[in-house]
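Computation of the quantities below employed the complete heavy-atom set of this structure, encompassing side-chain atoms and omitting hydrogens, waters and symmetry-equivalent molecules.
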Amino acid sequence: MARILSIDYGKKRTGLAVTDPLQLIAGGLATVASKSLPEFLKTYMQQEKVERIIMGEPRQIDGSPSENYARVQEVLKKLRAAFPDIPIETYDERFTSVLAHQAMLTGGLKKKERQNKALVDEISATILLQSYMEAMRNKRNR
């Protein structure tokens, strides 16, 4: 099996996470400068087989698009053009940052480590991917 990769895209930084090859567990991959995302993905996908990309869809609590929504749509177009053979889906990313901060607190990270925005982005991408995987498992089990 190939991996599934998730993207938590931000204006400055982008958090990335991937599954293991058996697609059982999501784990943080990296946080990259958003402008470097296409090159990073190209290099990564030369080394690892990726069968699907999940892009966080930024929405407000009420479901309306957030301020980052238009940027994500532009990046989606570029990624679909750059990787035409890999399906790219969007998945609701509401609350992933809140959950990332909670995970950091629960994990006992010190205040300075919890303020590391790059780490928050990577954890958010991991939560996004794990949530997507759980939703797909639930869908299959119905």
Do the side chains of [Y] and [X] get nearer than 4.5 Å, heavy atoms only?
X: Ser64; Y: Arg59; result: no
X: Ser131; Y: Tyr91; result: yes
X: Met45; Y: Ile86; result: yes
X: Arg80; Y: Leu76; result: yes
X: Ile54; Y: Met136; result: no
X: Ile7; Y: Leu41; result: yes
X: Met55; Y: Leu79; result: yes

With sequence neighbours left out, write down each residue that passes side-chain contact (heavy atoms from CB on, under 4.5 Å) with Glu134, or none if nothing qualifies.
->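 Here the qualifying residues are Gln130, Arg137.
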
[X] with [Y], same ILVMFWY side-chain cluster at under 4.5 Å:
X: Tyr69; Y: Ile53; answer: no
X: Tyr44; Y: Ile88; answer: yes
X: Tyr132; Y: Tyr9; answer: no

CZ on Arg71 to NZ on Lys11, rounded to 0.5 Å |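 Result: 5.0 Å between the selected atoms.
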
For the atom pair CD (Glu122) and OG (Ser6), what is the distance rounded to the nearest 0.5 Å?
->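 Those atoms lie 10.0 Å apart.
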
Could you tell me which non-hydrogen atom of [X] sits nearest to which non-hydrogen atom of [Y], and how far apart they are?
X: Gly56; Y: Val72; answer: O-CG1, 3.8 Å
X: Phe83; Y: Lys42; answer: CZ-N, 3.8 Å
X: Pro87; Y: Asp85; answer: CD-O, 3.8 Å

No-hydrogen, no-angle side-chain donor-acceptor test under 3.5 Å, Asn68 and Ser66 =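 There is no such pair between these side chains.
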
Taking only distance into account, with no hydrogens and no angle test, what donor-acceptor pairs under 3.5 Å do side-chain atoms of residues 15-39 form with protein atoms, sequence neighbours excluded?
from, atom 1, to, atom 2, distance (Å)
Thr19, OG1, Ile4, N, 3.0
Asp20, OD1, Leu24, N, 2.7
Asp20, OD1, Ile25, N, 2.7
Asp20, OD2, Leu22, N, 3.2
Gln23, NE2, Ala2, O, 2.6
Gln23, NE2, Glu51, OE1, 3.3
Gln23, NE2, Glu51, OE2, 3.2
Thr31, OG1, Ala118, O, 2.6
Ser34, OG, Gly10, O, 2.5
Ser34, OG, Lys12, O, 3.4
Ser34, OG, Arg13, N, 3.3
Ser34, OG, Arg13, O, 3.3
Ser34, OG, Thr14, OG1, 2.8

Other residues, nucleotides, ligands: >12 heavy atoms within 6.0 Å of Glu67 CD =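 No, CD of Glu67 has 12 or fewer neighbouring heavy atoms, counting only those of other groups under 6.0 Å.
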
